[in-house]
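To keep things clear, I will list the structure first and then write my remarks on it.
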Amino acid sequence: MKLKYLLGLLAALWVTVLPALAPALPAAPEPPQVKAAVLRHPFPQIPPEELPPEEPEIPEELSPPEEDGSFTIVLSFTGDMLLASGHGQRAAGNFLDFAAKQEPSYFLQNVKPIFDEDDFTVVNLENVLTDRTLTPREKTTDPAFWFRSGTKNTAILTSSGVEAVSLANNHTGDYGAAGYKDTVKAVTEAGLQYGDNTHPLYLEKNGFRIAVICNGLWNEGQAASIVKRLQAAEAESDFQIVFYHGGAEGVHAPEAWKVRASRRLVDAGADLVLGNHPHVLQPREIYKDREIVYSLGNFCYGGSRYPQNRTAIYRLTLTVQDSALVSSSAELIPCYVHTGKVNNYCPAPITDGEQRQRVLDFMDGKVESPL
């Protein structure tokens, strides 16, 4: 009995006492923590073919129509933009002097918000853009002028919301075919669209296409060639605008021949006719429910230190529904050509109510001068 008792006592001591006296073993590492939500609610594996397609980002200018299928197209037009100086020479206070001292965004800073909020801004670019020394072509007019600047001046337009230019004027050919070729290359490489006497300008949004027929208009007979271009564009577009360059300079009343020619363009199907070249504003009229503006005047204009200081932006709004035009409206935004005592090449909207109304009254034929 005593031996059996002693053996039992030794067994008990072995189980209870000896483990306590033994050195502790290192603890096993804890498993990495995993979010409880993942453990409790694992995501099911969905076959790729059953996943919904990702929606592509839609650029602002191609934004979808409203719920009723309608959308608007807003276009802005200006008169003469001459971003150069005579013979490309820099002199104190001239355009190229300002361009050497200012950032490109300086020149159109006051109208940039207007150009940024529309869909397309179209201007008449009236100078050669080239980085070469070219021979000016001969001219028989007296006085005669030649205007050119470096191709870097395209940044004046691209930095301020301009999308397209007309090259159909009497100064883009100042340095012959080579100068014109350089100008086309400069604007296209800058991402600007262009139109000229043979190249229609097409602007499109949500499938609705607008043709801008840019052309010189130096005599009444030239309207016939514009009519042919207009008719050809009708087959390629939904709305047709003629943006012409011509007429007598420095007069506020359009010549009788220009009135007849402009009305002929409406008779031939033009939805809107806009003119430039006189370097001053000329009135507008409604003819057969279509608007004609005989001259938008100068805008950012490097051709003179003392241009007449009134101009306007023509803003057109088209409303389209189910691919068809349902309405159009327009407004004129009166502007100063410059905001200094002499030309500082920085046009700006007119904020003075009386001066602004004076410009509008002139454009509607109520007064003889916009000043």
Side-chain angles (χ1 to χ4, degrees), residues 78-104 106-108 123-157 160 162 165-187 190 192 194 196-197 214 216 218 245-251 276-281 295-311 336-347:
T78 79
D80 296 340
M81 287 262 215
L82 206 162
L83 310 180
S85 298
H87 288 290
Q89 298 298 311
R90 177 182 173 183
N94 74 0
F95 185 89
L96 291 181
D97 189 41
F98 270 70
K101 297 174 181 177
Q102 303 288 347
E103 293 296 322
Y106 158 80
F107 297 94
L108 301 177
V123 307
N124 175 54
L125 179 62
E126 199 171 6
N127 62 269
V128 169
L129 294 167
T130 183
D131 296 321
R132 297 190 287 170
T133 301
L134 300 174
T135 302
R137 69 177 180 85
E138 292 187 5
K139 295 188 179 185
T140 58
T141 55
D142 185 22
F145 302 95
W146 294 261
F147 294 103
R148 66 178 173 88
S149 69
T151 60
K152 67 179 182 180
N153 278 354
T154 56
I156 295 172
L157 304 174
S160 299
V162 176
V165 299
S166 170
L167 301 180
N169 56 65
N170 58 309
H171 283 296
T172 50
D174 280 357
Y175 290 83
Y180 189 79
K181 182 179 179 181
D182 286 357
T183 304
V184 170
K185 182 180 179 183
V187 297
L192 296 163
Y194 80 96
D196 62 14
N197 289 308
C214 305
W218 304 109
H245 193 86
E249 296 183 3
V251 295
N276 49 64
H277 175 67
H279 302 307
V280 295
L281 289 170
S295 175
L296 288 169
N298 292 327
F299 202 68
C300 183
Y301 187 73
S304 170
R305 296 296 307 280
Y306 300 95
Q308 190 174 105
N309 199 15
R310 296 294 185 273
T311 185
Y336 298 114
V337 176
H338 59 85
T339 50
K341 292 183 179 180
V342 298
N343 199 351
N344 62 354
Y345 319 104
C346 194

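Keep in mind the model is a prediction, meaning the values are calculated, not measured.
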What closest approach, in Å, do [X] and [Y] show between heavy atoms, and which atom pair accounts for it?
X    : Y    : result
V280 : S295 : O-OG, 2.7 Å
F145 : H171 : O-CE1, 3.4 Å
F95  : N153 : CE2-ND2, 3.9 Å
N343 : H338 : OD1-CB, 3.3 Å
F147 : D174 : N-OD2, 2.8 Å
R137 : N170 : NH2-O, 4.0 Å

Check step by step if side-chain contact (heavy atoms from CB on, under 4.5 Å) holds for N344 and T339. CA-CA 7 Å; N344 62 354; T339 50; 2.9 Å; yes

Counting C-beta onward and ignoring hydrogens, is there a side-chain heavy-atom pair between [X] and [Y] closer than 4.5 Å?
X    : Y    : result
P347 : V337 : no
E126 : N276 : no
E249 : H277 : yes
L129 : D182 : no
L108 : C300 : yes
L157 : L83  : yes
C346 : F107 : no
V123 : F299 : no

How many angstroms lie between [atom1] in [X] and [atom2] in [Y], if you round to the nearest 0.5 Å?
X    : Y    : atom1 : atom2 : result
Y180 : L134 : OH    : CG    : 15.0 Å
I156 : Q102 : CD1   : CD    : 10.5 Å
W146 : T135 : CH2   : OG1   : 12.0 Å

Side-chain donor or acceptor of [X] paired with backbone N/O of [Y] under 3.5 Å:
X    : Y    : result
S149 : G88  : no
N298 : H279 : yes
T172 : L167 : yes
D97  : N94  : no
R305 : G93  : yes

Answer yes or no for R310 and Y336: cation-pi contact, defined as NZ/CZ to six-membered ring centre under 6.0 Å and angle to ring axis within 45°. no

Is atom NZ of K139 surrounded by more than 12 heavy atoms (other residues, nucleotides or ligands) closer than 6.0 Å?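 Atom NZ in K139 is packed in, count exceeds 12.
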
Check: W218 ring centre within less than 6.0 Å of H245 ring centre: yes

In terms of side-chain heavy atoms, does [X] have a donor or acceptor partner in [Y] at a distance below 3.5 Å?
X    : Y    : result
N169 : N124 : yes
D131 : T151 : yes
D196 : S166 : no

Quick one: do V184 and Y194 satisfy side-chain contact (heavy atoms from CB on, under 4.5 Å)? Show the steps, please. CA-CA 8 Å; V184 170; Y194 80 96; 3.7 Å; yes

Would Y106 and F98 count as a side-chain contact (heavy atoms from CB on, under 4.5 Å) if you check the C-alpha gap in whole Å, the side-chain angles of each, and the deciding distance to 0.1 Å? CA-CA 9 Å; Y106 158 80; F98 270 70; 3.6 Å; yes

